[in-house]
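To start, the structure under review is shown below, and the notes come after it.
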Amino acid sequence: NQDADQAVSYNTEVYRVPADGGVVEKLSDNLAADNHPRCSPDGSRLAWRATSRPYYESDQYDLIVKELRSGAQTNLTKKFGRSVASFFWSAKGDTLFFSAEDEGDIDLFAVAAEGSEVRKVLGAKLGGGQGYHLNVQAPPGERQFYFSHRPLTRYYELACYERAPGRVRMLTGHNDSLFSQVYTPD
């Protein structure tokens with residue numbers, strides 16, 4: 001944050017500097033927050049989260065992608081209506097996956113790196129179960145997603161969502177013995 005009054009400013013920026021030192025280059029040009037940059041697998045693009053209203057801490061985060069050679073920049077989630085949380089690139093670099101709150105849950109969404117309609121890929125209506133789906137990671141091919149799952153009735157456990165057939169498989173059950181002693185309605 002380069003603003004004079006940093007106590008009331010959320011104007012963070014994204015910069016690039018060569019690993020061996022050299023000239024610092026500012027990549028974002030926005031009077032609000034820009035943060036959490038992630039490079040595409042081939043290194044040609046950079047994605048980050050950005051807000052649009054200066055001095056507004058609770059603003060919605062959008063997902064921005066910048067072509068590093070041309071400088072062309074695209075807001076992939078401008079019409080999405082939800083705030084982007086954590087995100088990651090697909091192994092091929094053609095898709096970005098991100099978490100966002102939706103209907104009381106935290107679900108996983110996807111959007112093409114060039115821009116397209118945002119689609120939900122993990123959530124209650126897709127067989128992912130209700131609750132929070134956090135820290136999501138995917139191996140190449142994105143046929144399954146590994147994540148921390150917190151259903152509405154218990155604490156976090158590790159889980160795997162298999163896209164076909166569209167179901168969640170719990171990988172841990174550290175709290176099973178505790179929950180077996182407590183009634184929780186389904």
Side-chain angles (χ1 to χ4, degrees), residues 1-2 9-18 24-128 132-148 160-164 166:
N1 186 338
Q2 301 298 313
S9 172
Y10 298 97
N11 184 17
T12 55
E13 301 292 351
V14 175
Y15 294 88
R16 171 172 57 180
V17 63
V24 175
E25 178 186 2
K26 185 171 140 183
L27 297 176
S28 58
D29 188 19
N30 176 21
L31 296 176
D34 299 287
N35 55 41
H36 302 292
R38 305 279 187 273
C39 225
S40 64
D42 67 0
S44 67
R45 293 172 286 188
L46 189 70
W48 66 82
R49 297 178 343 137
T51 61
S52 60
R53 293 186 277 184
Y55 305 105
Y56 189 61
E57 179 183 14
S58 299
D59 199 6
Q60 174 179 305
Y61 276 97
D62 283 319
L63 188 57
I64 308 299
V65 170
K66 184 172 193 151
E67 297 284 338
L68 293 174
R69 284 187 186 236
S70 70
Q73 188 171 299
T74 306
N75 182 338
L76 300 179
T77 56
K78 187 173 188 167
K79 298 178 183 177
F80 179 54
R82 305 280 190 271
S83 192
V84 172
S86 61
F87 69 93
F88 62 95
W89 288 89
S90 67
K92 292 181 183 176
D94 60 348
T95 303
L96 284 128
F97 295 96
F98 63 91
S99 297
E101 290 186 32
D102 187 46
E103 298 178 343
D105 293 334
I106 298 176
D107 295 329
L108 184 69
F109 296 85
V111 63
E114 289 78 31
S116 67
E117 191 75 24
V118 173
R119 66 190 190 284
K120 187 183 289 192
V121 295
L122 173 58
K125 294 177 183 174
L126 298 172
Y132 296 171
H133 309 89
L134 300 174
N135 308 310
V136 181
Q137 295 295 314
E142 291 87 33
R143 290 186 189 100
Q144 66 257 356
F145 296 98
Y146 296 92
F147 59 98
S148 299
C160 174
Y161 174 69
E162 298 166 350
R163 293 180 85 171

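Note that the coordinates shown come from a computational prediction; the quantities given were computed from them, not determined experimentally.
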How far does CG of Asp62 sit from OG of Ser83, to the nearest 0.5 angstrom?
8.0 Å
Inter-residue atom distance Ile64.CD1 - Leu76.CG, 0.5 Å rounding
7.0 Å
Taking only residues two or more places apart in sequence or in another chain, which ones pass side chain to side chain contact (heavy atoms under 4.5 Å, CB included) with Asn35?
Thr12, Ala33, Arg49, Tyr61
Could you go through Gln60 and Phe80, starting from their C-alpha distance and side-chain angles, then the distance that decides it, and tell me whether this counts as side-chain contact (heavy atoms from CB on, under 4.5 Å)?
CA-CA 10 Å; Gln60 174 179 305; Phe80 179 54; 5.5 Å; no
Once salt bridge (charged side-chain N to carboxylate O under 4.0 Å, His left out) is applied, what residue pairs with a partner in residues 80-89 remain, sequence neighbours excluded?
Arg82-Asp102
When you measure from the side chain of Thr95 to the backbone N and O of Ser90, does any donor-acceptor pair fall under 3.5 Å?
no
Verify, without hydrogens or angle tests, whether Lys26 (side chain) and Glu13 (backbone) share a donor-acceptor contact under 3.5 angstrom.
no
First locate atom CG of Asn75, then atom CG of Leu63, and finally report the distance between them rounded to the nearest 0.5 Å.
8.0 Å
Are more than 12 heavy atoms, taken from residues, nucleotides or ligands other than Lys78, located less than 6.0 Å from that residue's NZ atom?
no
For Ser70 and Ala72, indicate whether the former's side chain and the latter's backbone hold a donor-acceptor pair under 3.5 Å.
yes
Atom CG of Asp42 with >12 non-hydrogen neighbours under 6.0 angstrom
yes
With Glu25, which residues qualify under side chain to side chain donor-acceptor pair (under 3.5 Å), at least two apart?
Arg16
I'd like a table of donor-acceptor pairs (distance under 3.5 Å, sequence neighbours excluded) in which one partner is a side-chain atom from residues 103-116, with atom names and distances.
residue: Glu103; atom: OE1; partner: Lys125; partner atom: NZ; Å: 3.3
residue: Asp105; atom: OD1; partner: Gly131; partner atom: N; Å: 2.9
residue: Asp107; atom: OD1; partner: His133; partner atom: ND1; Å: 3.1
residue: Asp107; atom: OD2; partner: Lys120; partner atom: NZ; Å: 3.1
residue: Glu114; atom: OE2; partner: Arg45; partner atom: NH1; Å: 3.0
residue: Ser116; atom: OG; partner: Ala112; partner atom: N; Å: 3.2

Evaluate Ser86 against Asn135 for side-chain contact (heavy atoms from CB on, under 4.5 Å), listing each step before the verdict.
CA-CA 8 Å; Ser86 61; Asn135 308 310; over 6 Å; no
Worked verdict on Val118 versus Phe98 for side-chain contact (heavy atoms from CB on, under 4.5 Å):
CA-CA 10 Å; Val118 173; Phe98 63 91; 3.7 Å; yes
For Phe88, what residues pass the ring pair (Phe, Tyr, Trp, His ring centres under 6.0 Å) criterion, not counting sequence neighbours?
Phe97
How about Phe145: does its CZ atom have over 12 heavy atoms from other parts shown lying under 6.0 Å from it?
yes
Do you know which two heavy atoms are closest between Leu46 and Val14, and how far apart they sit?
CD2-CG1, 3.7 Å
Kindly state each residue pair satisfying side-chain hydrogen bond (donor to acceptor under 3.5 Å, both in side chains) with at least one member in residues 136-147, sequence neighbours excluded.
none
Could you pull out the closest heavy-atom pair between Phe87 and Leu96, with the gap in Å?
CD1-CD2, 3.8 Å
For Pro41 versus Trp89, what's the shortest heavy-atom pair and its separation?
CD-CB, 3.8 Å
Working to the nearest 0.5 angstrom, can you tell me the gap between Leu27 CG and Asp34 CG?
10.0 Å
